[in-house]
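To keep things clear, I will list the structure first and then write my remarks on it.
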Protein chains: 2
Amino acid sequence: MPPNKPSTRDTILDAAETVVARDGSRRLTIDAVAAEASVSKGGVLYHFPNKIALLTGMVERMMSEIGDEIARAETRARDAGKPPLVEVFASMFDRSESQNGLSTALLAASAEHPELLDPAREILSTTFQRLAEETPDPVAAHILMLAMDGLKLSVLLDFNHIPDHQFQPIRDRLLSMARELYA
Amino acid sequence: MPPNKPSTRDTILDAAETVVARDGSRRLTIDAVAAEASVSKGGVLYHFPNKIALLTGMVERMMSEIGDEIARAETRARDAGKPPLVEVFASMFDRSESQNGLSTALLAASAEHPELLDPAREILSTTFQRLAEETPDPVAAHILMLAMDGLKLSVLLDFNHIPDHQFQPIRDRLLSMARELYA
DNA sequence: GCACATAAACCGTCCAGACGGTACAGTCAA
DNA sequence: TTGACTGTACCGTCTGGACGGTTTATGTGC
């Protein structure tokens with residue numbers, strides 16, 4: 001099948017992420033999103049009746065993407081008889097390189113309406129909780145997951161205080177530490 | 001000596017952090033800061049001629065606090081013949097509980113003028129780089145530091161997906177892992 | 001000890017522009 | 001015909017910042 005062109009709705013959400021990542025959440029205005037998405041302001045407001053709806057849309061899409069990805073990784077792990085956390089980490093690593101601007105949704109929402117993050121908070125905390133409890137050593141698992149969060153933070157704020165040549169070794173080590181969790 | 005009352009300048013910076021932590025960076029307006037600090041708008045503008053100066057002040061104060069703290073921890077470690085990273089981690093842990101709103105400065109700056117973070121980026125990355133290189137196992141050190149970052153992120157966005165009863169064990173484990181780095 | 005000067009610290013108001021949102025008439029492909 | 005938009009005009013509110021005025025602290029000469 002051809003790479004079917006994304007819906008306008010998704011184009012708008014992409015544009016919103018781009019604006020936040022490039023100019024900061026303060027400049028996430030409806031006008032700016034419209035311009036970035038090559039859509040009229042009325043077009044944006046057609047899909048998202050107000051700005052809260054836009055922010056909600058950003059957070060919801062992000063959450064469903066993360067949820068899908070974790071689910072896929074867990075399925076893959078189960079089918080291959082591999083430890084789930086290792087697969088989850090691997091997929092997160094491989095994405096954080098390409099799609100920097102994913103958690104920009106969190107930034108944008110927290111800037112304007114911090115309470116929009118409440119559902120995300122709950123889902124993420126129970127998910128991570130569960131993933132940790134499934135390992136023989138939940139404490140170590142939590143530490144590794146914190147390290148993943150740290151990586152997210154550094155991408156989010158462009159704090160790449162990890163030199164490029166050490167990225168791969170760190171990735172490998174984190175995965176092997178995850179693997180050892182189950183030993 | 002009496003607990004000499006903080007300068008108006010510091011009061012204003014504190015107020016700015018409070019506003020960001022409570023209402024989101026979008027609501028970090030000069031008026032809001034003035035109200036929170038019980039100072040007039042003109043008063044704020046006396047100390048910080050414009051908003052960029054306010055944001056810069058926030059970032060600079062945060063950076064100097066972090067710098068001082070790391071320096072103190074390193075001195076303490078040297079004097080006691082203990083591993084530096086362990087001391088640095090310990091002090092970060094003990095602060096992150098009390099003063100949640102420290103890295104709110106980063107949030108606020110990234111929301112409005114992402115480039116204000118450039119100096120912070122550089123200092124932090126060289127510092128962490130150095131701390132890691134001083135250990136026998138820089139890769140593992142980086143992972144542990146990422147975990148600290150992750151903790152910061154979860155505090156920053158109020159993502160406390162670490163259950164309270166596991167906070168202490170995680171703290172202890174992280175410190176012991178840091179200690180083992182040098183073994 | 002006191003009048004006075006000077007500057008620092010701070011107040012309150014005003015204004016231009018930006019922003020969110022509304023309204024509505026028109027376009028255009030399916 | 002309908003749904004998915006475009007384009008323009010407009011309104012109320014918020015915000016950064018300029019500005020002029022006022023209080024408070026710090027000398028300084030007498």
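In what follows, chains carry the letters A, B, and so on, assigned in the order in which the sequence lines appear, proteins first and then strands, with residues in each chain numbered from 1. From a predicted model like this one, the values you see are computed outputs, not experimental measurements.
- B/R72 has its side chain out of reach of B/E87: every pair of non-hydrogen atoms, C-beta onward, lies at least 4.5 Å apart.
- Residues B/F93 and B/L151 have side chains in contact (heavy-atom distance under 4.5 Å, counting atoms from C-beta outward).
- Considering only side-chain N and O atoms, B/T8 lies under 4.0 angstrom from the phosphate OP1 or OP2 of C/dC10.
- Summarising the geometry, the separation between CG on B/L28 and P on D/dG17 is reported as 12 Å, rounded to the nearest angstrom.
- Picking from C/dG12, C/dG21, D/dG7 the nucleotide with the shortest atom distance to the side chain of A/S40 gives D/dG7.
- Within a heavy-atom distance below 4.0 Å of DNA chain C, the residues of residues 44-52 of chain B found are B/Y46, B/H47.
- Applying the side chain to side chain contact (heavy atoms under 4.5 Å, CB included) criterion to B/S125, with sequence neighbours excluded, gives A/H161.
- In this structure, A/L54 atom CG and C/dC19 atom P are separated by 15 Å, rounded to whole Å.
- Between the CG atom of B/D31 and the C1' atom of D/dG16 there is a distance of 9 Å, rounded to whole Å.
- Looking at which nucleotide of DNA chain C each of A/R27 and A/G42 is closest to, the 5′-most match is held by A/R27.
- Computed from coordinates, the A/D23 CG to C/dA18 P distance equals 15 Å when rounded to whole Å.
- Between B/D137 and A/R173 there is a salt bridge, with a side-chain nitrogen of the basic residue lying less than 4.0 Å from a carboxylate oxygen of the acidic one.
- A/K41 contributes a side-chain N or O that forms a donor-acceptor pair with the base of C/dG21 under 3.5 Å.
- Rounded to whole Å, atom P of C/dA18 lies 14 Å from atom CD of B/E112.
- Looking at the side chain of B/I30, the nearest of the listed nucleotides D/dG17, C/dC11, C/dG21 is D/dG17.
- Between B/M148 and B/L153, every side-chain heavy-atom pair lies at or beyond the 4.5 Å cut-off.
- A/L55 contributes atom CG, which lies 6.0 Å from atom CG of A/L28 (distance to the nearest 0.5 angstrom).
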